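Everything below concerns the one structure shown next.
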Protein chains: 2
Amino acid sequence: MPTARPTIADVAQRAGVSKGLVSFALNDRPGVSPQTRERILEAARELGWQPNLRARALSVDRAFALGLVIMRDPEIITGDPFYPSFIAGVERELASAGQALVLSVVPDEAAELAAYRKLVTDRRVDGVFVTDLRHDDARIALAAELGVPAVTLGHPEAPSPFPAVSMDDRAGIAAAVDHLAGLGHRRIAHVAGPDRMLHGSRRRRAFEEAMAAAGLPAGMVVETEFRAVDGARATRDLLARPDRPTAIVYANDPMAIAGLGIAQRAGLRVPHDLSITGFDGSDVGEHLFPSLSTVATDAVSWGAVAARVLLRSIAGEEPGDTDLPPARFVPRESTAPVTEPTDRTVP
Amino acid sequence: MPTARPTIADVAQRAGVSKGLVSFALNDRPGVSPQTRERILEAARELGWQPNLRARALSVDRAFALGLVIMRDPEIITGDPFYPSFIAGVERELASAGQALVLSVVPDEAAELAAYRKLVTDRRVDGVFVTDLRHDDARIALAAELGVPAVTLGHPEAPSPFPAVSMDDRAGIAAAVDHLAGLGHRRIAHVAGPDRMLHGSRRRRAFEEAMAAAGLPAGMVVETEFRAVDGARATRDLLARPDRPTAIVYANDPMAIAGLGIAQRAGLRVPHDLSITGFDGSDVGEHLFPSLSTVATDAVSWGAVAARVLLRSIAGEEPGDTDLPPARFVPRESTAPVTEPTDRTVP
DNA sequence: CTTGGTGGCTAAACCGGTTTAGAGCTCAGT
DNA sequence: ACTGAGCTCTAAACCGGTTTAGCCACCAAG
């Protein structure tokens with residue numbers, strides 16, 4: 001009574017054929033007569049044979065897995081809903097393709113590069129996702145050097161050998177600015193993500209362009225990190241200015257939520273005294289009072305499409321760049337028509 | 001000029017020894033003379049040899065990876081900070097142990113079981129994490145059937161062959177109740193997670209026991225899902241009651257944040273008219289106005305310890321159960337002394 | 001001088017698949 | 001009758017490591 005799991009040798013023996021033929025039959029390849037094929041499949045079924053992915057991985061030199069490296073300080077919980085949703089989307093594609101996702105969470109940039117390198121040289125993955133692009137992003141060159149297929153979320157600045165899957169977040173920012181301008185706001189500020197991150201600087205530029213397009217004076221921009229604590233500080237700074245803005249466009253939801261807290265703490269009524277918009281559509285923003293107007297990005301389908309593109313790259317196709325439907329502005333309660341600013345001073 | 005990566009056969013040839021000896025030398029095993037060992041290491045270094053994990057995995061019958069399956073509706077973004085932190089903690093242990101994390105995100109329970117089964121029968125992982133325990137959790141039996149090492153987060157109800165790593169969340173709930181009782185609250189409600197989840201029902205029981213211990217009448221309990229939208233609904237229900245509570249203890253932060261929004265929307269001042277506590281210490285709660293009193297759990301070290309225990313299980317040790325320092329109550333602004341209830345009616 | 005043990009090493013099997021070279025057979029074309 | 005093509009199948013190599021059996025030289029003990 002064999003306690004160990006049956007191998008194709010066992011199947012071969014039971015079906016009275018050679019190992020090689022079993023492999024052909026199980027992989028639906030030509031060169032096996034219909035009767036024999038059926039006999040082999042029957043034997044495999046009876047024995048409860050399951051392929052050993054490790055053996056397969058060695059002989060076909062594939063890992064059947066994709067790599068995702070996320071950089072974040074483990075102690076800082078941003079509450080950013082992007083990755084959970086993105087991963088759910090990725091997963092949806094991978095499951096049906098028999099692939100797995102190998103995840104690495106690293107604290108800093110050096111560890112990030114090391115993680116990519118290790119995933120590839122250990123041959124744990126066949127391709128990698130490159131998220132949160134930065135200026136002069138070293139990961140592009142690294143992936144090229146390692147010769148691993150990759151997909152980037154958004155277009156890197158420098159020419160890249162890898163397909164990009166992009167979602168235009170500029171349209172969402174523009175819609176937010178237009179919405180605010182339409183409500184009569186003129187002094188609109190932007191709390192931007194770090195300039196070194198492409199989506200940070202791109203949203204900032206989108207903001208500046210939208211302001212110009214709306215015929216408004218250049219808005220105040222505070223550049224900071226994407227975390228709640230930084231959004232809070234930036235908001236404090238903005239509200240302390242003599243020409244305090246009547247509306248603030250935040251580059252993500254955690255910053256906006258923290259900003260809302262600061263404004264309320266300062267005695268401002270949102271949206272009466274200050275309008276606020278976020279970015280990324282977190283679940284929790286919807287349940288605040290006032291609920292947060294935001295720009296909804298479909299991170300789930302971003303993940304799904306990126307995974308599909310990466311799988312095609314690995315299969316040797318050369319998928320072109322993909323543009324997803326642009327992010328949509330979702331007006332909720334945190335934006336309202338501008339009112340004459342009170343003389344109230346902010347501490 | 002060999003373009004392919006060097007194998008141990010190349011190293012063996014260069015060092016003028018057999019393949020087997022190279023393997024011994026590279027694995028620090030006895031039976032290799034010091035000079036020869038040095039020569040082999042030197043040759044490996046010169047050739048830039050890197051082990052091929054796939055080959056190693058096949059011959060030693062190990063995956064060098066751990067599996068984590070997360071169940072959540074991909075469309076619902078809970079903003080729950082637990083998993084990102086937990087994973088960061090896991091990762092910290094794995095990286096140094098040369099292990100990787102294989103992540104699976106699934107939408108429902110059937111898919112969850114299938115995901116565990118697939119991870120194991122595909123031999124992608126050497127052990128699995130079992131998080132978010134439920135009553136009669138089928139995953140325990142499944143892991144036992146599959147013969148895969150596992151670690152559970154918290155103690156399952158039924159006897160389990162696997163080590164448990166637990167963090168006492170009851171103490172945190174008790175501290176929250178005591179804190180509120182000390183502030184003079186008597187009508188304290190609990191918005192609980194689903195009864196089918198162990199931490200849902202355990203926190204609920206802890207609440208009930210703490211109420212009794214404080215000599216308070218049995219509190220109102222609303223059982224619901226862990227999502228923000230459910231916290232909002234539960235809060236609406238509670239506030240509509242004639243004997244409306246003066247304080248609400250929520251079983252997690254997203255529910256509490258949504259509850260805060262509902263209370264504010266109803267015109268209640270938090271904490272004046274209603275005190276609120278959350279659970280899990282999300283980053284964003286700290287920046288709300290009022291900031292959220294909560295129970296902080298150290299998910300990062302939970303992940304790290306669980307990973308360590310699982311690795312020891314895989315190594316054949318039989319690590320006992322581990323108890324982490326209990327969750328701590330963190331008072332912030334959303335709790336205050338009870339005030340005479342106004343007659344204000346809630347819509 | 002034999003015997004036995006030990007250190008250092010090689011050759012070969014092994015893990016469980018895939019892939020290639022080629023054998024044996026049938027059948028059509030000339 | 002011979003050739004060649006095509007089909008089905010086997011044997012063996014291969015992927016890149018690990019592990020086992022066993023050889024040989026050397027040395028100490030009897």
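Every chain is numbered from 1, with letters handed out A, B, ... down the list of sequences. Just the heavy atoms: all of them, side chains too, but no hydrogens, waters or symmetry mates, feed the values below. Computed from a predicted model, the values in this text were never measured in an experiment.
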(request) Report yes if at least one side-chain N or O of A:S33 is closer than 4.0 Å to OP1 or OP2 of D:dC9; otherwise report no. (result) yes
(request) Answer yes or no: is there an ion pair linking A:R117 with A:E145, defined by an N-O contact shorter than 4.0 Å? (result) yes
(request) Please determine if B:R54 and A:D61 form a salt bridge, counting it only when a charged side-chain N lies under 4.0 Å from a carboxylate O. (result) yes
(request) Between protein and nucleotides 15-26 of chain D, map the contacts as a letter string: B base, S sugar-phosphate only, - none, heavy atoms under 4.0 Å, written 5' to 3'. (result) BBBBBB------
(request) Run the salt-bridge test on B:R45 and B:E42 with the 4.0 Å N-O cut-off and return the result as yes or no. (result) yes
(message) Does B:D136, at its CG atom, have more than 12 non-hydrogen atoms belonging to other residues, nucleotides or ligands within less than 6.0 Å?
(response) no
(request) For A:Y116 and A:T131, work out which heavy atoms get closest and say how close. (result) OH-N, 4.4 Å
